[in-house]
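Letters A, B, ... mirror the listed sequences (proteins, then strands); counts begin at 1.
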Amino acid sequence: MVGTVSLSTKNREQKSELRTGNALLGLLPIAAGLGIATLMHFFLPGLIGQFYARIVTDIGITIVLAVSLNIVNGMTGQFSIGHAGFMTLGGYTAATITYYGSMFLWDSAGKHGGFLGSGEWLFIASCVAGGLFAAFAGYIVGLPSLRLRGDYLAIVTLGFGEIVRVILQQTGKTIDDVEDFKNAGWAQLIPPPVGGAVGFDGVPKYTNLFWVYAVLTITIVVAYRLKGSSLGRAMISVREDEIAAQAMGVNISRQKVLAFVMAAFFAGVAGGLFAHERGVIISPKDAGFQRSFDYVIMTVLGGRGSITGVTLAAVLLTALPEMLRDFEQYRLIVYALLLIFMMLVRPQGLLGIHEIWNFWQRPKSSVKSASPEAQV
Amino acid sequence: MSPPATTSSAVQSADALLDVDQIGISFGGLKAVQNFSLKLPRSGLFGLIGPNGAGKTTVFNLLTGVYRPDCGQIRLGSTQLGRGKPHEITAAGIARTFQNIRLFPNLTVLDNVRLAGQLRNSRGLLDTVLRTRGYHQEENGLREKALNLLEIFELQDRAEELASNLSYGHQRKLEIIRALATDPKVLLLDEPAAGLNPQEKRMLAHSIQQIRDRFQVAVLLIEHDMPLVMEICERIVVLDHGVTICEGVPSEIQNDPRVIAAYLGGGLEEN
Ligand SMILES: Nc1ncnc2c1ncn2[C@@H]1O[C@H](COP(=O)(O)OP(=O)(O)O)[C@@H](O)[C@H]1O
Ligand SMILES: [Mg+2]
């Protein structure tokens with residue numbers, strides 16, 4: 001063992017490379033992502049066909065959900081199993097805005113305008129509104145996380161998803177006639193008629209590869225920049241050791257609530273994309289436990305706080321069921337087994353706390369601590 | 001039990017940096033700490049000793065807001081700390097290490113220090129996400145400051161390693177560096193020499209004094225190693241069963257019958 005503390009008197013000269021800020025440079029990754037999204041939108045369906053393009057769309061939405069959940073479960077170390085609740089809340093909010101908004105503006109709930117046309121702008125604005133509404137719910141749900149730990153917090157988030165499901169089931173039939181809508185009084189519009197248990201049918205299907213991968217780009221850039229920043233370190237310190245984090249000046253309450261709000265925001269936006277996807281009728285059961293569980297599995301499988309790991313897991317777990325026709329009926333069994341297997345063999349997830357590229361960099365020397373157990 | 005004995009001296013001035021007045025806490029029926037008072041001057045180096053279970057760590061937990069005192073006052077400089085949250089107390093200027101090491105094991109050595117250095121960082125979510133100029137300036141500053149500290153303690157070569165991969169001695173060292181990174185006025189060290197060999201202990205004793213001088217902090221040290229405490233501390237407070245049984249300069253403590261009795265009764269871990 002080396003000497004414990006010996007103070008060196010020399011002062012280090014500044015030698016680490018300094019990164020300077022440049023607003024344009026900061027926007028580069030987003031611009032690149034938007035470029036790729038545009039290319040995908042115009043060329044991918046032609047290359048791989050509508051069926052696979054649809055899967056790629058699903059994958060994009062799922063990645064947004066898994067990566068955002070990872071801010072809470074992976075980085076901050078809380079355990080939320082109500083992520084689908086936030087998604088569905090955002091989805092219904094966005095769908096309500098486009099459906100009735102289109103009737104109000106254009107006298108029809110159908111699609112309006114082409115690529116980047118006015119209809120699409122209404123759509124993406126509604127997704128953001130859905131995200132904000134979900135973020136507000138995230139704030140409310142995040143508050144108990146200040147007092148509750150582990151299992152108890154999990155139950156609160158689970159309860160939240162179920163509450164969203166039950167409330168949405170109680171809503172009225174959608175109004176599908178423009179005249180009826182325009183003549184409807186407030187009593188018929190509050191609470192919004194969004195289809196009840198059968199789901200919200202007739203939502204204009206605006207979601208396309210461009211918007212999904214634009215949102216995905218922003219989600220990943222935000223998550224990645226968060227992870228490498230002071231703010232992200234503060235979140236990770238909450239996961240690592242709450243007592244020590246506080247002792248180092250981290251306001252752990254603020255970090256936890258911020259994590260919940262951010263995760264819920266992106267889940268809400270993803271819900272908006274989902275609600276407007278072709279072939280999808282968003283329904284109350286989407287808020288339920290099963291869907292939340294899917295996202296939890298992706299974060300567990302991918303690794304705590306590893307954005308690339310979770311992305312990989314989201315791709316695998318979305319693509320596989322689509323490829324294997326009969327998989328759906330065994331899905332829950334396979335997931336449960338997978339989870340148990342991972343817990344036994346690799347509890348830290350596929351990539352652990354690392355990002356994919358960490359594995360190519362020079363290996364860190366992993367001298368095991370030769371220490372006795374710390375006394376208490 | 002004998003009443004708290006305070007030997008007055010010139011060190012106990014009214015303008016003490018840390019002024020602890022009659023704090024106490026009970027856990028259920030157990031009075032873990034009672035009527036604890038302390039006046040720690042600027043750049044003072046005081047010891048807090050007592051047998052296992054005497055309530056030393058509990059005093060640290062009270063001072064840092066981990067526990068809320070049932071009664072009493074804590075003042076730091078001109079700030080009344082009252083019943084602040086732990087992170088607020090750290091920001092006010094009291095930093096600590098933990099008896100059972102509490103590093104962030106999956107963060108690198110550098111990140112452990114950076115995290116502690118960022119508590120007065122003002123950059124919000126928007127700056128972080130947009131990577132503004134201000135954000136980069138602040139992050140660069142944090143990085144430099146952390147690397148400087150690591151260099152002072154000769155841990156800069158391990159900056160990119162995970163904290164959990166450090167040797168036990170280095171982990172103890174990193175705990176101290178991390179506490180210093182919060183720019184404290186008062187540094188609370190909870191058994192920093194535990195588990196170290198005699199030679200390491202000697203170096204530690206030397207560097208605690210150096211830390212006090214170089215970083216201009218007042219130090220309150222919990223330590224079982226009597227020769228070490230006697231050598232470096234200006235004054236010593238002795239706790240037993242949560243009660244201050246004696247306070248004074250080392251020579252007074254050494255010969256106090258109450259201290260000897262407490263240690264003989266409680267089982268002294270002196271070497
Ligand atoms: N959170 C707690 N709940 C109940 N008892 C506690 C708690 N913290 C400390 N104690 C008790 O207070 C007493 C003093 O503990 P501690 O301050 O850790 O002693 P020391 O650090 O002097 O060895 C012990 O009897 C311990 O069991
Ligand atoms: Mg102790």
Side-chain angles (χ1 to χ4, degrees), chain A residues 1-12 14-16 18-23 25-27 221-222 225-226 228-234 236-237 239-241 243-253 258 262 304-305 348 352-353 364-372 374-376, chain B residues 64 66 86-87 90-91 96 98-102 104-107 111 114-116 118-119 121 123 125 128-133 135-137 139-140 142-144 147-148 151-154 160-162 164-173 176 178 182 194-196 200 203-204 207 210 214:
Chain A
M1 217 193 286
V2 201
T4 299
V5 183
S6 63
L7 299 190
S8 132
T9 41
K10 61 180 188 290
N11 252 323
R12 61 188 302 275
Q14 188 148 320
K15 58 192 159 202
S16 58
L18 295 184
R19 271 164 282 181
T20 45
N22 184 322
L25 224 62
L27 291 176
V221 168
V222 167
R225 288 183 170 177
L226 185 69
S229 72
S230 290
L231 218 51
R233 270 195 300 278
I236 293 170
S237 77
R239 172 191 82 195
E240 295 284 293
D241 189 327
I243 303 245
Q246 285 181 295
M248 294 309 126
V250 175
N251 184 345
I252 61 172
S253 309
L258 180 62
M262 287 184 71
R304 299 195 308 175
Q348 72 272 41
I353 55 169
K364 295 193 170 122
S365 67
S366 53
V367 196
K368 269 282 157 277
S369 154
S371 68
Q375 301 97 317
V376 180
Chain B
T64 53
V66 176
H87 69 269
T90 308
R96 72 176 294 182
F98 293 92
Q99 181 177 354
N100 45 338
I101 298 176
R102 279 180 177 271
F104 306 116
N106 294 312
L107 287 182
D111 280 347
R114 263 200 286 199
L115 177 90
Q118 74 190 30
L119 77 169
N121 191 342
R123 297 292 151 188
L125 185 58
T128 301
V129 168
L130 297 179
R131 292 279 149 111
T132 58
R133 191 175 297 272
Y135 166 86
H136 282 288
Q137 270 168 3
E139 291 287 314
N140 287 335
L142 281 173
R143 185 185 161 84
E144 276 309 302
L147 285 172
N148 262 323
E151 186 140 330
I152 290 170
F153 287 85
E154 294 176 343
E160 297 298 336
E161 245 172 85
L162 292 186
S164 54
N165 285 344
L166 291 184
S167 72
Y168 183 72
H170 279 161
Q171 291 195 8
R172 284 239 172 259
K173 182 148 94 172
I176 297 177
R178 199 178 59 164
T182 65
L196 304 185
E200 289 172 337
M203 289 177 68
L204 177 73
S207 48
Q210 275 191 302
R214 180 161 183 162

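To the nearest 0.5 Å, the span separating CZ on B:Arg114 from OG on A:Ser229 amounts to 10.0 Å. For the atom pair A:Leu27 CG and B:Leu130 CG, the distance stands at 7.0 Å (nearest 0.5 Å). Taking CG of B:Asn106 as the start and CD of A:Glu240 as the end, the distance is 4.0 Å to the nearest 0.5 Å.
The contact between A:Leu258 and chain B is made entirely by side chain atoms (from C-beta outward), counting heavy-atom distances below 4.5 Å. Only the side chain of B:Leu142 comes within contact range of chain A, with at least one heavy atom under 4.5 Å from a heavy atom of that chain. Heavy-atom distances place the side chain of B:Phe98, and not its backbone, under 4.5 Å from chain A. With a threshold of 4.5 angstrom between heavy atoms, A:Leu226 approaches chain B through its backbone and through its side chain. No part of B:Thr64 comes within reach of chain A, as not one of its non-hydrogen atoms sits under 4.5 angstrom from that chain.
Your options are B:Pro86, B:Ala116, B:Ala91, and the one with the most heavy-atom pairs under 4.5 Å with chain A is B:Pro86. Between chain B and the options A:Asn251, A:Ile236, A:Val222, A:Val221, the largest number of non-hydrogen pairs under 4.5 Å is found for A:Asn251.
Scanning for salt bridge (charged side-chain N to carboxylate O under 4.0 Å, His left out) contacts around A:Arg233 gives B:Asp111, B:Glu139, with sequence neighbours left out. Partners of B:Arg102 according to the salt bridge (charged side-chain N to carboxylate O under 4.0 Å, His left out) rule, which considers only residues two or more places apart in sequence or in another chain, are A:Asp241.
Taking each heavy atom of A:Ser237 and B:Leu115 in turn, the nearest pair found is CB-CD2, 3.5 Å. Of all heavy-atom pairs spanning B:Tyr135 and A:Gly228, the tightest one is OH-O, 4.0 Å.
Without hydrogens or angle criteria, B:Arg96 side chain to A:Ala247 main chain gives no donor-acceptor distance under 3.5 Å. Judged by distance alone, the side chain of B:Gln118 and the main-chain N or O of A:Ser230 form a donor-acceptor pair under 3.5 Å. Side chain of A:Arg225 to main chain of B:Val129: a donor-acceptor pair is present (N/O by atom type, distance under 3.5 Å, no hydrogens or angles).
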Discussion item. Apply side chain to side chain contact (heavy atoms under 4.5 Å, CB included) to residues A:Gln246 and B:Thr90 and explain how you reach the verdict.
Written reply: CA-CA 8 Å; A:Gln246 285 181 295; B:Thr90 308; over 6 Å; no
